[in-house]
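Below: the structure, in structure tokens.
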Amino acid sequence: MDPYFSYRDSGLYCEDVAVARLAEEFGTPLYIYSKSAIVAQLDGLHAAFAELDPLVCYSVKANSNLSVLKVVAERGGAFDVVSGGELRRVQVAGGNPRKTVFAGVGKTDEEIAAALEAGVLMFNVESEAELDAIARVASAMGRVAPCAPRVNPDVDPKTHRYISTGKKESKFGMHIERSLALAEAAAKMPSVSLIGMHMHIGSQITTVEPYAGAASKGVEIIDAMRRLGHPVAWFNMGGGFGISYRGGEAKPVAEFARAIVPVVRESRCRLILEPGRVVVGNAGVLVSRVIFIKKSGEKTFVIQDAAMNDLIRPALYESFHRIWPVSPRAGATAPPDDFEAAIAGTTACDIVGPVCESGDFLAKDRALPSIERGDLLATFSAGAYGMVMASNYNTRPRAAEVLVDGSSAKLARRRETLDELLAPELVEL
Ligand SMILES: *Cc1c(COP(=O)(O)O)cnc(C)c1O
């Protein structure tokens, strides 16, 4: 187990706080984040890429809780946003818009104007039409918009098809020839300046080869852009560094750095990274309480109060999360290192939520030690793409969130009330 979530005295701790205590105090389902884990990941990224003086732009969409963004901002961090809403969050959390890059395939004129007003570092531009829109809005505001074309290097990141973005047939970015045509067009637009080149090839990438391949294409593209007269000073390699959900499957960031740094160095650019998952993924757990245990035929269903509306990753990407009791009962131990192998004293269970969908599960055929109604379960590696994708499906209030720092724990988002859920709906009764 890692230092931030560990089993002590037969119970799970986040840093120096007992998870069971937090569940009592704040209720379930509950997301719990470790501040030290987030800081350690940010520091690790800075150290691994230090040679290129990187701007580590935390990808807000992975976990956009204001308390998390404040942790990043306090470390002098930079941000990657994909909407006007995320930009607002960065500003409210005390982040610096001048260290913020604005990505996303569908920026509206209003979002472009707000980003120019805020003074973002640059726009990652995904199409010719978007470049035209940025040029028009910037010109009307008497500004020059700093931009970086998003280039699709056509590499296969070998990840789930829903989170693979760098192949030719993706909706994201432009393939190389098209991005160079865009650079030619941009050279004639006085209200835009191409100061960078952007790529983001996918998410949960666990091998370094796709990055190495993409980076060397990037160096050539930057050379070509400079020949067209653009002052390219930033090589934005995007995010996508994978994490270990099972244990040990992802490479440490230092290995990614070893593959990326020597290639990017040739471009004489400063490096931008847009890591999301690797910063927060393993810094969070989702805690739930068992409502019923239901046996039907051969199957055992553990029905607990976290559902697909709280954590949709298993349903959406068939993804794996380690799950284990917060306070294992007598005879049971800390979670095993290897969830794939047979584990003595366990039963294979489907761990499901109360939502009316067959896709509502956190795990299927999963080994669990003996548990009873009312026990707490921890779903690990839930810090990224968890709460941000939560919905109110089945009119379920979204989970509360807590940020732990050493021996202190602060509520980072209180649980929604049913009245709040219904408030925006207009009906005459
Ligand atoms: C989602 C996204 C990221 C972050 O991806 P991770 O896999 O969480 O690191 C970075 N850049 C862009 C453009 C994205 O869309």
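Read the numbers this way: they start at 1 and go in the same order the structure lists the ligands and their atoms.
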Should we say atom CZ of R8 is surrounded by more than 12 heavy atoms from elsewhere, each under 6.0 Å from it?
yes
Distance under 4.0 Å to a non-hydrogen atom of R277: what atoms of ligand 1 satisfy this?
6 (P), 8 (O), 9 (O)
For residues E249 and I243, report the shortest heavy-atom separation together with the two atoms involved.
OE2-O, 4.0 Å
Kindly give the heavy-atom pair with the smallest separation between T346 and A367, and that separation in Å.
OG1-CB, 3.5 Å
Is V278 close enough to touch ligand 1? Criterion: a residue heavy atom under 4.0 Å from a ligand atom.
no
Answer with yes or no whether G240 contacts ligand 1, where contact means a heavy atom under 4.0 Å from a ligand atom.
yes
Going by distance alone, is a donor N or O of one side chain under 3.5 Å from an acceptor N or O of the other, for Y393 and E357?
yes
Among all protein non-hydrogen atoms, which one is nearest to [atom], and what is the separation to 0.1 Å?
atom	value
atom 12 (C) of ligand 1	E274 OE1, 3.4 Å
atom 8 (O) of ligand 1	Y385 OH, 2.6 Å
atom 14 (C) of ligand 1	K61 NZ, 2.8 Å
atom 7 (O) of ligand 1	S203 OG, 2.3 Å

Would you mind telling me if ligand 1 is within reach of the side chain of [X], the backbone, both or neither, using heavy atoms under 4.0 Å?
X	result
P275	backbone
F172	neither
H200	side chain
N124	neither

Answer yes if the ring centres of Y245 and H321 are under 6.0 angstrom apart, and no otherwise.
yes
Kindly assign one of parallel, tilted or perpendicular to the pair F380 and Y7, based on the angle between their ring planes and the thresholds 30° and 60°.
tilted
Using the side chain to side chain donor-acceptor pair (under 3.5 Å) rule, pick out the option among S407, S36, S6 that qualifies with E15.
S36
